[in-house]
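In what follows, a structure is listed as structure tokens, so that the remarks can point back to it.
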Amino acid sequence: MPELPEVETTRRGLVPHVVGRRIRDVVVRNARLRWPIPRDLRRRLRGEEVLAIRRRGKYLLFDCRHGHLLIHLGMSGRISLVAEGAAPRSHDHFDLQLEGGRTLRLTDPRRFGAVLWLDSPAEDHPLLRGLGLEPFEAEFTARALRERAGGRRVAVKQFLMNSRVVTGIGNIYASEALHEARVHPERSVARITPKRWELVAAAIRGTLERAIAAGGTTLRDFASAEGKPGYFQHEFAVYGREGKPCKRCGARIRASRQGQRSTFFCPRCQR
DNA sequence: CCGGACGCCTGTCGGC
DNA sequence: TGCCGACAGGCGTCCG
């Protein structure tokens, strides 16, 4: 489910209810996620105060005095704030009971998500250390993208989805941003001019910004921490629109596959 | 180093 | 109706 806009929407929904509160207790109903939830997590978290909630790529980091709780939503994960004592439903694997009567609850049918404890500094953890450019940081520029593309021939869509290059862009927003930039997803990064990199960088930021403003994308069951669905799916230019007219030029949107993932693009205005 | 394929899971949908 | 394969918002790991 969640790419950068959905994770950021989740983060923003959590901040007012979680930051500054202490963790009263932790419930692990099923520890078997992408990696096992650490057995000592409850001991580590009880009594800790959540000082801040940060996002790095698609990872959420809950900063505490003695370390950091890391949550990744994988493909199907969702975080909701529920009333303390609310009955768990299926796939509700993890609860963080907060002081003040609310519980942060992780639901994840496919269990590709993760809940881990990181020592400080969190950036030194193997999962975070190798991550690439953050789209809303100043270092994210056309030049930086071009430098990272240097000497490579990979297709631009797969390049943008590589978290060692850029973080936060998944299958939906890669297709959408490339349509906005008018660049064909199969184009090799070796054949993208500096001018085109400018378009790509701007389109990534623009697309992600609009998606965050729309509260993310809800295809099946994504919802913010407060339970509100996203609306960006109504703004899709290409994703899931195979055979429908391009909103810019009217040509039929095409679908293909790249690296076992579906890709959508306009064969006329993306070159 | 790079690029590509695989596997981890459950749920849903389309075709027969 | 039931069954079966394909596919779904991610990503670490392995292999050539």
Side-chain angles (χ1 to χ4, degrees), chain A residues 1-11 29-37 55-60 70-79 89-94 106-116 125-132 135 147-178 185-190 204 207-208 211-212 214-224 229-236 238-243 255-264:
Chain A
M1 165 201 338
E3 304 184 31
L4 186 153
E6 291 74 39
V7 178
E8 179 62 19
T9 297
T10 300
R11 191 192 71 80
R29 292 190 195 79
N30 185 353
R32 295 168 53 192
L33 302 185
R34 180 77 155 86
W35 298 280
I37 297 178
R55 179 188 56 73
R56 178 76 174 98
K58 300 173 193 167
Y59 293 94
L60 285 172
L70 173 148
I71 298 184
H72 191 281
L73 300 177
M75 203 83 145
S76 56
R78 198 178 0 143
I79 288 175
R89 309 170 64 164
S90 58
H91 311 304
D92 289 348
H93 308 309
F94 174 80
L106 175 70
T107 310
D108 184 6
R110 292 179 72 180
R111 292 192 275 119
F112 290 169
V115 175
L116 297 171
H125 190 274
L127 285 174
L128 303 183
R129 204 169 32 210
L131 289 181
E147 282 168 2
R148 280 161 198 250
R152 305 177 60 179
R153 294 157 219 251
V154 67
V156 61
K157 178 173 177 251
Q158 286 162 295
F159 178 76
L160 296 181
M161 287 177 65
N162 181 344
S163 65
R164 310 182 72 82
V165 176
V166 195
T167 59
I169 305 176
N171 204 38
I172 291 176
Y173 298 106
S175 280
E176 291 297 315
L178 286 170
E186 308 259 17
R187 175 174 286 267
S188 163
V189 293
I204 288 170
T207 302
L208 295 177
I212 293 168
T217 292
T218 297
L219 289 185
R220 164 169 275 107
D221 51 11
F222 171 75
S224 70
Y231 293 96
F232 192 69
Q233 64 278 12
H234 303 302
E235 297 183 43
F236 284 170
V238 288
Y239 188 85
R241 298 192 65 245
E242 182 180 11
S256 69
R257 284 190 84 73
Q258 284 182 275
Q260 0 267 88
R261 312 300 298 278
S262 56
T263 294
F264 299 90

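Below, chain A is the first sequence line, B the second, and so on; all start at residue 1.
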Table please: side-chain donor-acceptor pairs of residues 155-166 of chain A below 3.5 Å, with sequence neighbours left out.
| residue | atom | partner | partner atom | Å |
| --- | --- | --- | --- | --- |
| Lys157(A) | NZ | Asn171(A) | OD1 | 2.6 |
| Lys157(A) | NZ | Ser262(A) | O | 3.3 |
| Lys157(A) | NZ | Thr263(A) | OG1 | 2.9 |
| Asn162(A) | OD1 | Arg164(A) | N | 2.9 |

> Hey, does the side chain of Glu176(A) reach the backbone of Thr207(A) with a donor-acceptor pair shorter than 3.5 angstrom?
Replying inline: no
> Could you give the CD-to-P distance, from Glu186(A) to dG4(B), as a whole number of Å?
Replying inline: 10 Å
> Checking all strands, does Gly170(A) fall into the base, sugar-phosphate, or nothing category for heavy-atom contacts under 4.0 angstrom?
Replying inline: sugar-phosphate
>> For a quick test of reading the model: is some side-chain N or O of Arg153(A) closer than 4.0 Å to OP1 or OP2 of dG3(B)?
In response: no
>> Taking salt bridge (Lys or Arg N to Asp or Glu O under 4.0 Å) as the definition, give me every residue that meets it alongside Arg11(A), ordered by chain and number, with sequence neighbours left out.
In response: Glu8(A)
> According to the 5.5 Å centroid and 30° plane-angle thresholds, does Phe222(A) stack upon the nucleobase of dG9(C)?
Replying inline: no
>> Rounded to whole Å, how long is the line connecting atom CZ of Arg152(A) with atom C1' of dC1(B)?
In response: 9 Å
> What interatomic distance, in whole Å, is found between C1' of dG9(C) and the corresponding atom of dG3(B)?
Replying inline: 23 Å
> When you check the phosphate oxygens OP1 and OP2 of dG9(C), does a side-chain N or O of Ser76(A) lie under 4.0 Å from one of them?
Replying inline: no
>> I want to verify a distance call: between dG3(B), dG11(B), dA8(C), whose nearest atom is closest to the Pro109(A) side chain?
In response: dG11(B)
> When you measure from the side chain of Arg56(A) to the backbone N and O of Lys58(A), does any donor-acceptor pair fall under 3.5 Å?
Replying inline: no
> What integer distance in Å separates Asp108(A):CG from dG10(C):C1'?
Replying inline: 11 Å
>> With a 4.0 Å limit, can you tell me whether His72(A) has a side-chain N or O closer than that to the phosphate oxygens OP1/OP2 of dC11(C)?
In response: yes
>> Let me check I have this right: for DNA chain C, each base becomes ., (, ), [, ] or |, based on Watson-Crick or G-U pairs with both distances under 3.5 Å. What is the full string?
In response: .|||||||.|||||||
>> Among dG9(C), dG4(B), dC8(B), which nucleotide has an atom closest to any side-chain atom of Phe112(A)?
In response: dC8(B)
> What residues, two or more places apart in sequence or in another chain, satisfy side-chain hydrogen bond (donor to acceptor under 3.5 Å, both in side chains) together with Arg187(A)?
Replying inline: none
> Can you check whether Thr218(A) has a side-chain N or O nearer than 4.0 Å to OP1 or OP2 of dG9(C)?
Replying inline: no
> So what does Phe232(A) hit on the nucleic acid, given a heavy-atom distance under 4.0 Å: a base, only sugar-phosphate, or nothing?
Replying inline: nothing
>> Should the side chain of Arg110(A) and the base of dC9(B) be counted as holding a donor-acceptor pair, with the cut-off at 3.5 Å?
In response: yes
Polar atom pairs (N or O), protein with nucleotides 12-16 of chain C, under 3.5 Å:
| residue | atom | partner | partner atom | Å |
| --- | --- | --- | --- | --- |
| dG12(C) | OP1 | Tyr59(A) | OH | 2.9 |
| dG12(C) | O4' | Arg34(A) | NH2 | 2.7 |

> What residues form a ring pair (Phe, Tyr, Trp, His ring centres under 6.0 Å) with His93(A), not counting sequence neighbours?
Replying inline: none
> What's the spacing between Leu70(A) CG and Trp35(A) CH2 if we round to 0.5 Å?
Replying inline: 8.5 Å
>> So does Leu219(A) get a backbone contact from the side chain of Gln233(A), meaning a donor-acceptor N/O pair under 3.5 Å?
In response: no
>> Expressed as a whole number of angstroms, how long is the span from Asp221(A):CG to dT10(B):C1'?
In response: 11 Å
>> Both Gly150(A) and His91(A) contact DNA chain B. Which one's nearest nucleotide lies toward the 5' end?
In response: Gly150(A)
> Roughly how many Å is it from CZ in Phe159(A) to P in dG3(B), rounded to a whole number?
Replying inline: 9 Å
> Who pairs with Phe232(A) by ring pair (Phe, Tyr, Trp, His ring centres under 6.0 Å), at least two apart in sequence or on another chain?
Replying inline: Tyr173(A), Phe236(A)
>> Side-chain N or O of Arg78(A) versus OP1/OP2 of dG9(C): is the shortest distance under 4.0 Å?
In response: no
>> dC2(B), OP1 or OP2 - any side-chain N/O from Arg148(A) closer than 4.0 Å?
In response: no
> Can you check the Leu219(A) CG to dG11(B) C1' distance for me, whole Å?
Replying inline: 14 Å
>> So, using salt bridge (Lys or Arg N to Asp or Glu O under 4.0 Å) as the criterion, who are the partners of Glu235(A) when residues are at least two apart?
In response: Arg210(A)
> Could you state the CD-P distance from Gln260(A) to dC8(B), rounded to the nearest angstrom?
Replying inline: 15 Å
> P atom, dC9(B) versus dC3(C): distance in rounded Å?
Replying inline: 24 Å
> Taking only residues two or more places apart in sequence or in another chain, which ones pass salt bridge (Lys or Arg N to Asp or Glu O under 4.0 Å) with Arg29(A)?
Replying inline: Asp95(A)
> Met161(A) has an atom CE; how far is it from atom P of dC2(B), in whole Å?
Replying inline: 18 Å
